[in-house]
Amino acid sequence: VGGLVDIKEEEVRFTDNVSIISTLKDNGELLGSVNLQSGGYARCEKVSRYANNKSEYVDKYIKQGLVNVDVQNFKIQNLESDSLPFSQAFEFKTGVQSTGEYSFLSLNLFTGLENNPFIVNDRFSNVNFGYKKSLSLNYVINLPANYKVDALPKNIKLVNPDRTVIFTREVITAENSQLMARVKVDINKSLFGVNEYDSLKDFFKQMVNMMNEQIVLKKI
Amino acid sequence: MKKSLSLFAILASLGGVAQPSSYDAATIPAALKEGAHVVKRYENITFNVKDVDQATYSIHQVLTVLDDEGKEALNFHETTSKLRSIDDVEIKVYDASGRQINKFKKKDLNKLASQGGLVEDGMHHFLEISVPSYPATVEYKYEIKYSGTLVYPSYIIQDSEEAVELSTYTAMVPGDLDLRYKAQKINIKPSETFDGKSKVYTWTVKNMVAYKDEEGTVGSRFYYPSVILAPNKFRHFNTYGDMSSWKSFGQWGYDLMKGLDELPEERKSFFVNLVKDANSDREKVALIYKYLQQNFRYVSIQLGIGGVKPFPAKFTDEKKYGDCKGLSLYMSAALKSVGIKSYCAYINARYNQEAVAPDFPCDRFDHMILCVPQVKDSIWLECTSPTSEFGVLGSFTENRNALLITENGGVLVATPASNSSSNIMNTTTTVKLAEDGSGTTETKVSSRGDFRELMNVVVTAKKDEQKKMIVRYLGFKQPDEFAIVKKAQEQTLDVDIDLSIEKIPQFSAGSKMFLNPRVYDLWKQVLPKAEDRKQDYYFESPFVRIDTTVYLLPADYVAESMPPSSNMKCDYGTFVTSYSYLKEKNQVISVARLELLKNRIPAAKYADVKKFFDNVISEDTHKVVIKKT
């Protein structure tokens with residue numbers, strides 16, 4: 001037989017799925033549990049970080065950039081099973097920030113999406129993500145009776161010109177006592193030419209701005 | 001009973017150092033594996049000083065690497081120079097059961113010229129050993145020959161996350177030379193014997209469990225449990241010295257520099273002319289220091305006598321460059337030409353260093369600065385920096401001991417203590433906010449000390465690099481347009497930063513905008529965890545940050561909610577904020593002041609300081625809520 005093998009990028013090779021279930025207490029304390037599943041290259045990245053420094057993985061990577069967040073019962077699964085996602089689960093405790101009668105809940109916990117990697121105006125080389133990537137965040141937030149929702153981040157879909165990078169966010173309230181949110185970032189192309197840099201930079205800027213938008217609650 | 005007797009007999013016959021008969025990893029006691037990635041099974045080091053100019057250092061080490069995190073122990077690395085050569089290298093690798101699986105000799109090592117400075121004449125010898133699985137054991141045997149004895153090799157007993165089963169270090173030295181030693185971060189004494197010709201010191205440790213390195217501690221050579229050795233008499237290249245006192249060691253330094261501080265007559269006249277209008281010695285020193293900063297460059301050149309003998313002042317004067325020694329000596333020569341006495345001083349540099357011990361004269365220095373004695377408060381000068389403020393050393397060399405090199409020998413003196421008011425960043429920002437959330441910010445920065453160094457990097461960077469720095473170093477939001485203008489540079493470096501930003505609020509919802517207390521981070525570094533902290537924590541330097549941010553609200557918006565003013569304190573810092581709304585001007589004014597009093601935080605106080613800085617970061621997540629009327 002023989003012949004050339006086509007190198008195609010059909011499959012998403014980097015997947016991070018985060019599920020956060022949390023409960024806001026009436027005293028402003030936020031308790032929750034997190035399950036993070038990292039597949040493909042996301043698995044490689046995290047397993048390697050974990051293997052190189054097990055004792056500081058939580059402090060260095062899980063709590064990266066966060067303060068006053070307490071992480072307990074950190075557990076991993078599938079460290080040795082190459083074909084399965086690397087599973088990281090833990091419980092956390094933090095407080096919500098309040099100003100006056102308003103309290104704020106961030107949808108940007110444990111994501112690593114605080115900063116835009118693309119800042120400079122001039123770029124001379126291509127942007128190579130290496131593979132298609134997917135980040136999916138699912139939130140369930142239970143609210144106590146003494147808080148009500150004042151404002152929610154808008155449901156939105158942000159796409160770049162050739163629709164290869166997509167950011168979607170949906171936030172819904174199920175009655176007044178539960179919030180559900182889904183945030184998804186899909187990078188469906190690994191290589192972006194220099195000519196696409198401007199739109200990519202702008203996309204990431206918008207996305208980081210949106211990731212920093214918060215749920216506003218009002219104490220009643 | 002019989003068994004333990006025979007074991008005792010073997011130990012006794014080898015002077016207490018029995019090499020294990022098997023390298024089977026399964027025989028490691030469980031207690032030693034606790035918290036360890038490497039177990040030092042056996043170590044026998046002999047440092048044999050044969051004469052003032054000749055010594056050998058023989059190493060035999062057996063290390064078992066338990067897992068991937070200990071793989072650093074599988075990297076062999078030694079450096080050589082004109083004074084230090086390596087020989088008789090034998091490296092063997094064993095699998096978990098102790099079966100030999102690989103072997104290397106000196107010819108297998110990689111070699112690389114050392115590139116630390118611009119020019120050096122040393123060589124690295126290294127080998128990265130790979131093993132198929134863990135645990136794996138590696139055995140190193142080699143010898144280093146010394147032809148100079150300025151520095152005796154320390155006995156570094158234990159690395160982080162390494163347990164020690166058995167280790168011994170023997171130092172042999174002719175009786176008339178003898179040596180001095182000092183234990184560091186460990187309480188240990190040697191056995192001492194004298195055979196009529198040589199003195200023999202032997203330190204032995206057994207069954208030491210692993211400890212863990214912590215982030216932000218003192219520099220590693222002050223950190224490891226070790227024994228520091230120092231010669232009384234030494235030879236370095238073709239010079240001989242006596243280190244038994246700071247005075248005699250300084251005398252050696254003085255002799256090395258003697259006569260090198262002469263400048264040609266016309267250059268002396270140049271300096272006399274330069275300072276002719278100055279009213280005091282301090283002013284004269286400041287003028288010459290400014291001339292040095294503006295006309296000379298720092299270049300690290302470690303040729304000649306192993307990084308200790310400076311180039312003559314005349315040479316530096318012609319070339320307009322030099323290393324720390326060359327520039328310090330040049331500055332001293334320039335001051336001499338206007339009749340001002342100054343002393344070059346040896347020091348150990350970087351913010352995370354301890355002071356060298358006054359009772360243990362030893363060469364632990366790697367830098368040179370200049371001291372100009374005055375009736376009150378000596379003037380200290382860092383001669384390698386074109387940007388440092390006159391008379392301020394910075395935490396690079398403050399808070400420790402320097403050895404002044406004087407005509408009467410060495411004098412160990414304390415450098416100034418770091419002071420928060422030497423490092424000030426004072427910012428005033430006016431934010432013009434439009435109804436669509438876009439806006440412009442005008443920031444006036446006045447910076448001193450470390451912040452001045454940072455701002456100097458920012459103002460001299462290329463445009464696109466500046467943009468990165470605005471976001472990553474100064475913590476602003478990503479601007480669409482910006483301008484950075486340097487205003488003045490005397491004691492403070494003053495800079496204007498103007499930005500236009502697409503979205504000023506953190507977010508908007510309905511008729512409200514939610515603004516951050518400031519448009520940049522005052523502090524965002526998350527300090528390492530505080531639980532079980534055992535070592536002191538080092539910040540780069542103490543500092544003060546003062547900020548006033550004025551939000552000019554869009555015409556039809558009013559402030560609805562303001563963050564509460566705060567006043568936080570710990571033993572080492574204060575953080576005060578206040579917020580007000582000027583209704584008639586429709587302005588929100590946010591004022592903040594953050595001060596860190598000392599850069600070294602005792603381990604026992606670290607948890608408080610960590611909590612304090614976590615709360616400083618949290619404060620920044622408050623929001624100013626404004627609402628459309």
Side-chain angles (χ1 to χ4, degrees), chain A residues 47-48 50-60 63-71 94-108 114-124 149-154 171 201-202 204-206 208-216 218, chain B residues 35 37 67-69 71 161 212 215 437 462-472 477-481 501-503 505-512 514-517 524-529 531 559-564 579 610-611 613-625:
Chain A
V47 163
S48 141
Y50 179 76
N52 279 322
N53 199 345
K54 292 188 189 73
S55 58
E56 285 173 19
Y57 183 75
V58 168
D59 282 310
K60 274 200 150 52
K63 284 163 72 172
Q64 191 185 1
L66 299 173
V67 293
N68 294 327
V69 174
D70 188 23
V71 169
T94 185
V96 289
Q97 187 61 277
S98 301
T99 300
E101 56 189 342
Y102 299 105
S103 294
F104 308 101
L105 283 176
S106 172
L107 292 178
N108 203 4
E114 288 78 19
N115 301 308
N116 182 359
F118 307 115
I119 294 173
V120 299
N121 287 338
D122 298 320
R123 180 158 178 128
F124 303 99
V149 174
D150 186 70
L152 292 176
K154 286 194 185 80
V171 189
K201 177 183 69 163
D202 200 50
F204 271 84
K205 187 178 103 177
Q206 306 282 355
V208 169
N209 275 340
M210 286 176 185
M211 282 306 291
N212 288 326
E213 293 178 352
Q214 301 185 359
I215 294 165
V216 184
K218 214 168 181 176
Chain B
H37 300 300
D67 55 38
D68 202 41
E69 288 187 58
K71 65 183 171 203
E161 299 180 285
K212 189 159 166 46
E215 264 184 74
K462 288 181 184 160
K463 184 99 180 167
D464 243 5
E465 283 302 310
Q466 285 183 328
K467 193 174 176 194
K468 262 198 241 174
M469 290 173 184
I470 287 171
V471 177
R472 300 209 174 129
K477 283 196 160 196
Q478 188 170 340
D480 296 304
E481 303 289 336
I501 296 175
E502 187 186 337
K503 202 174 159 220
Q506 171 93 341
F507 57 99
S508 307
S511 60
K512 296 184 200 106
F514 298 84
L515 306 168
N516 287 334
K524 71 168 176 185
Q525 183 198 342
V526 179
L527 300 184
K529 68 176 176 113
E531 296 90 49
E560 190 196 347
S561 256
M562 309 283 277
Y579 299 90
K610 152 88 174 154
K611 184 82 198 150
F613 277 98
D614 281 357
N615 288 338
V616 170
I617 296 174
S618 279
E619 201 280 342
D620 199 48
T621 59
H622 273 297
K623 301 281 171 279
V624 172
V625 186

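Sequence lines set the chain letters: A, B, ... in the order given, protein chains first and strands last, and positions in each chain run from 1.
Nearest approach of A:Gly100 to B:Ser561, heavy atoms of both residues: CA-OG, 3.8 Å. Considering all non-hydrogen atoms of both residues, B:His622 and A:Ser98 come closest at CE1-O, 2.9 Å.
A:Asp150 touches chain B through its side chain: at least one heavy atom from C-beta onward sits under 4.5 Å away, while N, CA, C and O do not. Heavy atoms of A:Glu56 lying under 4.5 Å from chain B belong exclusively to its side chain. Using a 4.5 Å cut-off between heavy atoms, A:Phe204 makes no contact with chain B at all. For B:Phe613, no part sits under 4.5 Å from any heavy atom of chain A, backbone or side chain. Neither the backbone nor the side chain of B:Gln525 comes within less than 4.5 Å of any heavy atom of chain A. Contacts of B:Lys212 with chain A are made by side-chain atoms alone, with heavy-atom separations under 4.5 Å and no backbone atom involved.
The backbone N or O of B:Lys623 sits less than 3.5 Å from a side-chain atom of A:Thr99, completing a donor-acceptor pair. A donor-acceptor contact shorter than 3.5 Å is absent between the side chain of A:Glu213 and the backbone of B:Ser508. The backbone N or O of A:Asn121 sits less than 3.5 Å from a side-chain atom of B:Asp464, completing a donor-acceptor pair. No donor-acceptor pair closer than 3.5 Å links the side chain of B:Lys529 to the backbone N or O of A:Asp59. Side-chain atoms of A:Gln97 come within 3.5 Å of backbone N or O of B:Ser618 as a donor-acceptor pair. Put simply, the side chain of B:Gln506 gets close to the backbone of A:Asn212: a donor and an acceptor are under 3.5 Å apart.
Of all the listed residues (B:Ile617, B:Asp614, B:Val625), the one sharing the greatest number of non-hydrogen pairs under 4.5 Å with chain A is B:Asp614. Comparing B:Lys468, B:His37, B:Lys524, B:Glu465 by how many heavy-atom pairs each has under 4.5 Å with chain A, the most go to B:Lys468. Comparing B:Lys463, B:Lys611, B:Glu560, B:Gln466 by how many heavy-atom pairs each has under 4.5 Å with chain A, the most go to B:Glu560.
Residue-environment remark: NZ (A:Lys218) exceeds the threshold of 12 foreign heavy atoms within 6.0 Å.
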**Asked** Taking it one step at a time, do A:Lys54 and B:Asp68 satisfy salt bridge (charged side-chain N to carboxylate O under 4.0 Å, His left out)?
**Response** CA-CA 11 Å; A:Lys54 292 188 189 73; B:Asp68 202 41; over 6 Å; no
| request: Report the C-alpha distance between A:Lys60 and B:Glu215 in whole Å, list the side-chain angles of each, state the deciding distance to 0.1 Å, and finish with yes or no for side chain to side chain contact (heavy atoms under 4.5 Å, CB included). | output: CA-CA 11 Å; A:Lys60 274 200 150 52; B:Glu215 264 184 74; 3.1 Å; yes
Given side chain to side chain contact (heavy atoms under 4.5 Å, CB included), test B:Asn615 with A:Asn68 step by step and report yes or no. CA-CA 8 Å; B:Asn615 288 338; A:Asn68 294 327; 3.3 Å; yes
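Looking at A:Val216 and B:Lys512, their side chains never come closer than 4.5 Å, going by heavy atoms from C-beta outward. Put simply, the side chain of B:Glu502 reaches to within 4.5 Å of the side chain of A:Lys205, judged on heavy atoms. Between A:Asn209 and B:Lys477 there is a side-chain heavy-atom pair separated by less than 4.5 Å. Looking only at side-chain heavy atoms (C-beta outward), B:Lys467 and A:Ile119 come within less than 4.5 Å of each other. Contact annotation: the side chain of B:Phe507 approaches that of A:Gln214 to within less than 4.5 Å [non-hydrogen atoms, C-beta and beyond].
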